[in-house]
Amino acid sequence: MAEPADYPPFQLGKPRFEQTSFYGRFRHFLDIIDPRTLFVTESRLKEAVQLLEDYKHGTLPPGVTNKELWAAQKIKQAIIHPDTNETIFMPFRMSGYIPFGTPIVVGLLLPNQTLASTVFWQWLNQSHNACVNYANRNATKPSPTSKFIQGYLGAVISAVSIAVGLNVLVQRANKFTPATRLLIQRFVPFPAVASANICNVVLMRHTELEEGIDVLDSNGNIVGSSRIAAKHALLETALTRVVLPMPILVLPPIIMSILEKTSLLRSRPRMILPVQSLVCLAAFGLALPLAISLFPQMSEIETARLEPEIAMATASKTVVYNKGL
């Protein structure tokens, strides 16, 4: 019996979907953030890991399909850190980012925020992001914990200061009616979170701009270390971090401002919070895979655009680099 076209011949450690197209990357990341992997049992995880080990050593039992191998790899990649081989704590897995992050998004977008609640939700959001970043970090090279603390503190300070500052400005703006002021306040979380994300990327990875990052030829050999490639990698990552919160923190306020005028929610104000939670969940679920699919994980750049010593060290017209997440 022929296998479904969605399951190509299995390749250990390789993505199931083509990474050169946006659609392929989108489907790949939908697999990575699939929340169903949160419910995988310990015994099922051991089975998946053992199946991949059997494949690696050429001792697969007869009748194992490509579909089963891809499923086993999906489970392992969702739960086990690739560098440390340790189980990632459930709330900090990529597959747990939406289920555990949505309540925080709902909190960020609550109307009539006080100073204390604004500070609390911005702090909680950046704390959750920091834990996810740390749990899914590249652990091949030892990185000092101080770098993560520096990035975390920078993100918290920038998010809180911008959110509080904008809220104070809106409250002092006498030209706005109370209704307009409330609507504008709902959009405050986006610039605060976006700027904090950029701040976090710059503080966590600024050393890459000084030292450069590895660039590889078509055979996967390291050609050299490039500061120009590092600049491109940081710009792509920063852009992704700005695009990601846009639908999550901009669409729900627009949708809710329309829904709250309907007779259904006017007559049932208690339904506003559950409806807002569903809207936030839908926006988050769509935005995350879209944002992280913008650029390939391994980006390509022409050697002519890099440092002369890199161009001279290889005959390849293009090289690739890992942009990070």
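Annotation for Val105 and Cys280: closest pair CG1-SG, 3.9 Å, computed over non-hydrogen atoms. Across Val242 and Ile198, no two heavy atoms sit closer than the pair CG2-CD1, 3.4 Å. Scanning both residues, Tyr55 and Leu12, for their nearest heavy atoms gives CE2-CB, 3.9 Å. Closest non-hydrogen pair, Val193 versus Gln122, comes out as CG2-OE1, 3.7 Å. Here the closest heavy-atom approach between residue Val223 and residue Ala313 is recorded as CG1-CB, 3.9 Å. Taking every heavy atom of both residues into account, Pro252 and Pro247 meet most closely at CD-O, 3.2 Å.
Not one N or O on the side chain of Asn125 forms a donor-acceptor pair closer than 3.5 Å with the backbone of Trp121. Remark: the backbone N or O of Gln113 is not paired with any side-chain donor or acceptor of Ser117 at under 3.5 angstrom. Judged by distance alone, the side chain of Ser316 and the main-chain N or O of Val319 form no donor-acceptor pair under 3.5 Å. Side-chain N or O atoms of Thr318 include none that pairs as donor or acceptor with a backbone N or O of Glu302 at under 3.5 Å.
If you chain together hydrophobic residues whose side chains sit under 4.5 Å apart, Ile80 and Ile88 never meet in one group. At a threshold of 4.5 Å between side-chain heavy atoms, the hydrophobic network of Ile, Leu, Val, Met, Phe, Trp and Tyr places Phe120 and Val188 in two separate groups.
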Exercise answer: donor-acceptor pairs, residues 151-162 side-chain atoms, under 3.5 Å, sequence neighbours excluded:
residue : atom : partner : partner atom : Å
Tyr152  : OH   : Trp123  : NE1          : 2.9
Tyr152  : OH   : Ser127  : OG           : 2.8
Ser158  : OG   : Gly154  : O            : 3.0
Ser158  : OG   : Ala155  : O            : 3.1
Ser161  : OG   : Ile157  : O            : 2.7
Ser161  : OG   : Ser158  : O            : 3.1

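In this view, Glu18 satisfies the salt bridge (charged side-chain N to carboxylate O under 4.0 Å, His left out) rule with no residue, not counting sequence neighbours. Every side chain to side chain donor-acceptor pair (under 3.5 Å) that Arg36 has, sequence neighbours left out, goes to Asp34. In this structure Arg27 satisfies the salt bridge (charged side-chain N to carboxylate O under 4.0 Å, His left out) test together with Asp6, sequence neighbours excluded.
Under the 4.5 Å side-chain criterion, counting only non-hydrogen atoms from C-beta, Leu109 is not in contact with Phe190. A 4.5 Å side-chain heavy-atom check between Leu166 and Pro191 finds at least one atom pair inside the cut-off. In this structure, Leu273 and Leu110 have side chains that are in contact, with non-hydrogen atoms separated by less than 4.5 Å. Asn197 places none of its side-chain heavy atoms less than 4.5 Å from the side chain of Leu244. Residues Ile254 and Phe187 are in side-chain contact: their nearest non-hydrogen atoms beyond the backbone lie under 4.5 Å apart. Contact annotation: the side chain of Leu51 approaches that of Leu60 to within less than 4.5 Å [non-hydrogen atoms, C-beta and beyond]. Phe29 has its side chain out of reach of Met94: every pair of non-hydrogen atoms, C-beta onward, lies at least 4.5 Å apart. Residues Pro289 and Ile33 are in side-chain contact: their nearest non-hydrogen atoms beyond the backbone lie under 4.5 Å apart.
No cation-pi contact links Arg25 to Phe17, judged by a cut-off of 6.0 Å to the six-membered ring centre and 45° from its axis.
With rounding to the nearest 0.5 Å, the separation of CG in Leu294 from OG1 in Thr237 is 11.0 Å. One distance of note links CG of Leu278 with CD of Gln276; it measures 10.5 Å at 0.5 Å rounding.
Within the structure, side chain to side chain donor-acceptor pair (under 3.5 Å) pairs that include any residue of residues 91-100 comprise Thr37-Ser95, Tyr97-Asn129 (at least two apart or interchain). Sequence neighbours left out, the pairs with a member in residues 222-232 that pass side chain to side chain donor-acceptor pair (under 3.5 Å) are Ser226-Glu307.
Residues Phe89 and Phe92 bring their aromatic ring centres within 6.0 Å.
Counting only N and O atoms by type, the side chains of Tyr321 and Glu236 include a donor and acceptor under 3.5 Å apart.
Just one of Leu251, Leu249, Thr102 meets the side-chain contact (heavy atoms from CB on, under 4.5 Å) condition when paired with Phe284; it is Thr102.
Ring geometry, Trp70 versus Phe10: the interplanar angle exceeds 60°, so the pair is classed perpendicular (tilted spans 30 to 60°).
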